[in-house]
*Asks:* 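I am attaching a structure below and will ask some questions about it afterwards.
Order of the sequence lines sets the chain letters (A, B, ...), proteins ahead of strands, with each chain counted from 1. Basis for what follows: all heavy atoms, side chains included, without hydrogens, waters or symmetry-related copies.
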Amino acid sequence: MAPKVLMVAEKPSIALSIASVLSGAQMSTQRGSTEVHEFDAMFLGSRAHYKVTSVIGHVFSVDFPAAFQDWTTTNPSDLFQAPILKKETNPKAHICRHLSQEARGCTHLVLWLDCDREGENICFEVIECTGFHASDSRRIYRARFSSVTEKDILKAMNSLAEPNRDEALSVDARQEIDLKVGVAFTRFQTSYFNGKYGNLDARVISYGPCQTPTLGFCVDRYLQITMFKPEKFWMLHPYIMYKGYELKLEWERSRLFDADVSAMFRNRIIEDGIMKVVRVSEKLESKARPSGLNTVNLLKVASSALGFGPQLTMQLAERLYTQGFISYPRTESTAYPSSFDFKGTLGALVHNPVFGAYAQKFLTESYNKPRAGTDAGDHPPITPMRSASEDSLGNDAWKLYQYICQHFLGTLSPDCKYRRIKVEFESGGEQFQCVGQLATVKGFTSIMPWLAISEKNLPEFAVGEKIEISKVELDEGNTSPPDYLSESELISLMEKHGIGTDASISVHINNICERNYVQVQAGRRLAPTPLGISLIRGYQCIDSDLCLPDIRSFIEHQITLVAKGQADHSMVVQHVLEQFRRKFSYFVKQIDNMDALFEAQFSPLSDSGRLLSKCGKCLRYMKYISTQPARLYCGTCEEVYYIPQKGTVKASLYKELTCPLDNFELLLCSMPGPEGKSFPLCPYCFNCPPFEGIDTFFGAPKTGDSTKLGKGVGMPCFLCPHTTCPHSVIAQGVCACPECSGTLVLDPVSAPKWRLYCNMCNCLVSLPEGAHRISTTQDKCPECDSTIIEVDFNKKTTPLKDGATLHKGCILCDELLHSLVEMKHGRSFSRHGRRGRGRGRGRGRGRGSTKQQDPKMSFRDF
DNA sequence: GCAAGGTC
């Protein structure tokens, strides 16, 4: 039987390249989760059928099991020993199913994942999905390629190897360590600080072994700035007039920090009055052309020269790449592969209106061999692939494309050469100099003009000449602090310390912006916020390891032992986690030290917010904190009560009305929008629902579990089954909801457009408009068990005979009332089923059995 | 709600 070979790459573009090379572009392509390219060709000496497909990065990512997902019930320190599981990274893409289907009937598997540790790890993810036996070295092969070129692909096919399990395990180790450390610290910090300060506006206060050192770099610079003490200095600048030039000479001492001494030197020069030429030297200097463009350098230039953040740059680059204008934009390599087709790339640019002439010259004459650069074995440097114009790309993409073209042409240009002439002088025992520069070969600077050397002409001097000094200036200056860290400097620091990868550096920077730890200022400089500063200073005083870049190198070093087979995977994970667990428990013990910084930076809850609602325990007013998450704070009891995160809260209508269960003053909440519900709410019950068995809470997810209440999820009065309180669903409920198992409740502040709404779904029913008052009574309809309501009509518009205004009745069975009510949302309104009032447990099943029996008894047909 | 790493 002919072998059937499944080959899997890390991304669709590489699967396409491999298939094109191995099939000689004679393949058929099927769509699927990812494309599958099929063809016949030789494999290990026999004719074989090939299928080439790909994953889209990692198939799986790690997470905690459900039992550890709940912030309120899981102690973060338990996370270090918690089990972890692998979940499909993107379940909607069905990559696992795709691989399993494609592997059916295949005799061999060839793994073409990127040749780095992550790729090695994905190899085993793929093996798992395909159902091959990981140990079957006669059927599973690893293709090792250093670039996606025909030469390297063919070479890899002829030297198939085995996947490296140790390298894959090292990635497993990193994943587990990053997850456990990051999540444990993040949950602890967030829970500790969130809600503690009035003006600390943070949804989550995250920690991570990459993002935190990244923030650390920004705060370090900020601290340098604040600690900086300016010093006065003086510079001596004699001037001479010579052959028509006025020249300002530079002092060999550059500057002095002593005013008197500087003045003394100045007097000596003035006394001497003559500059003597002691030496004239000339040197040929050169400025090297760039090597190939990699991602990190692209990010740096884009940030510092184009003003684009890394996130935007990568988005633009991705678009240019998918549209075929540039090569793959995520690469570490600055060296072109030996097989790189420079002529082809230049040819693509010859018709470009901006770069065409420059490219054409290289083709007709010749071009320089690019500098060696470094080869990371991933992708070639970023180059243009196709000509584009500003009109077709749009402004930002064009700027980036333009730079990529300029850089590419720069790499093929000669170095910039220039003559540097230095003239040295002496006067009054002091040495001075002036320097001239003249370009002899512009080289790459003619296509990258911003890198050109600044030219300066000097007249010719002869040694021994004496020239009169025209004036002497003593310039005073102040040393100045550095500026905030620029994004481009930050990228360099991250690269230097191994924080993040070419693909993730932009993510970490974006992270610390989104978490409100830093703000991007003009010129893309990163100014840390009070929150960012307090965090880093907090780590520095508790355990500075936590925010130093070494924390990443430590992890990298440890997992490298696994990758090299020098240490056992689980031993290393255990060892590293144990160290972090100790650091974590020390951090928890010392959190007061960080809190002291927060106290200095942020105002305590008791100083902010307006007074709202009396606490049922101490009977004092609580404070309303409007910043997210919205909450009430009792300064006396030091308790926080969350309230619904949407809508507004007022005390007005329910002033002095208190909850019979706990004595807390009721609030009136109004959800936003013209159809938003209004309802009373007890701050205490909302946070600590007093009745068991209520499993539908306001704001809770539909599948929510009532034992796991989050912030903003709880029991407003319309869900409360209290039997005598006038605000409970027992008192305010009118009838069963026609749409769901909820109860229609009277909206207490809906006048003059009186209405009922369902306490569980969106169902809305409008009542007679313009009534003075509508209220529920304690009576029930004998026919349908709904609550009898009482309407006090307006004298002028009353529908009652003789101008009477008071009317009691059932909204379903009373003819007059029913003619005045209208269904706003929902399909039908049956009078069947027992009314809501009887549902002592808040969620009755009254309607369930009769629901389908008489569809005609709908609201409209009534 | 949480990390970092792939890639889209």
Side-chain angles (χ1 to χ4, degrees), chain A residues 9-15 33-35 54-64 68-72 74 76 79-80 82 84 86 88-90 92-93 95 113-123 125-126 168 170-195 202-214 295 314-315 317-319 321-322 328-331 378-379 494 498-512 514-515 551-552 555-556 559 577 580 628-629 645 701 708 710-713:
Chain A
E10 191 157 322
K11 37 192 168 279
S13 63
I14 292 195
S33 291
T34 55
E35 285 187 339
S54 75
V55 292
I56 314 166
H58 273 289
V59 184
F60 299 108
S61 45
V62 291
D63 203 350
F64 293 109
F68 292 85
Q69 294 288 1
D70 188 323
W71 289 44
T72 54
T74 305
L79 294 173
F80 290 96
I84 54 166
K86 288 201 167 196
E88 244 186 297
T89 299
N90 183 357
K92 283 183 195 156
I95 296 296
L113 287 304
D114 291 0
C115 292
D116 53 22
R117 286 184 194 166
E118 298 295 333
E120 222 57 37
N121 186 268
I122 303 175
C123 281
E125 296 184 343
V126 169
S170 78
V171 171
D172 283 342
R174 181 195 53 72
Q175 290 176 341
E176 181 168 355
I177 294 164
D178 283 345
L179 174 75
K180 291 184 168 177
V181 173
V183 173
F185 277 90
T186 298
R187 285 192 192 170
F188 170 69
Q189 299 187 147
T190 304
S191 314
Y192 184 87
F193 289 114
N194 214 350
R203 203 172 49 90
V204 56
I205 304 176
S206 58
Y207 175 88
C210 284
Q211 57 172 272
T212 303
T214 301
T295 307
M314 290 316 287
Q315 279 168 13
E318 190 70 40
R319 220 180 71 208
Y321 165 64
T322 49
Y328 191 69
R330 277 185 289 270
T331 178
D378 47 0
H379 298 267
M494 293 174 74
I499 307 289
T501 65
D502 53 351
S504 70
I505 277 179
S506 65
V507 178
H508 298 310
I509 297 180
N510 197 48
N511 241 334
I512 61 172
E514 282 199 335
R515 298 279 151 79
I551 206 154
R552 193 76 201 146
I555 296 174
E556 287 293 328
I559 65 164
L577 285 178
F580 275 105
Q628 294 286 327
Q645 298 300 301
K708 296 173 185 170
K711 286 169 195 172
V713 175

*Asks:* Summarise protein proximity over nucleotides 2-7 of chain B in one line of letters, 5' to 3': B for base, S for sugar-phosphate only, - for none, counting protein heavy atoms closer than 4.0 Å.
*Replies:* BBSBBB

*Asks:* If we only count heavy atoms from C-beta on, is the A:M494 to A:T214 side-chain gap below 4.5 Å?
*Replies:* yes

*Asks:* Give me the atom names and distance for the closest heavy-atom approach of A:A9 to A:I14.
*Replies:*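 Here A:A9 and A:I14 meet closest at CB-CG2, 3.8 Å.
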
*Asks:* What pair of heavy atoms forms the shortest contact from A:I95 to A:S33, and how long is it?
*Replies:*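 Closest heavy-atom pair between A:I95 and A:S33: CD1-CB, 4.2 Å.
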
*Asks:* Under the salt bridge (charged side-chain N to carboxylate O under 4.0 Å, His left out) test, which residues partner A:E176, sequence neighbours left out?
*Replies:* A:K180

*Asks:* Which residues satisfy the salt bridge (charged side-chain N to carboxylate O under 4.0 Å, His left out) test with A:D178, sequence neighbours excluded?
*Replies:*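 Salt bridge (charged side-chain N to carboxylate O under 4.0 Å, His left out) list for A:D178, sorted by chain: A:R174, A:R552.
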
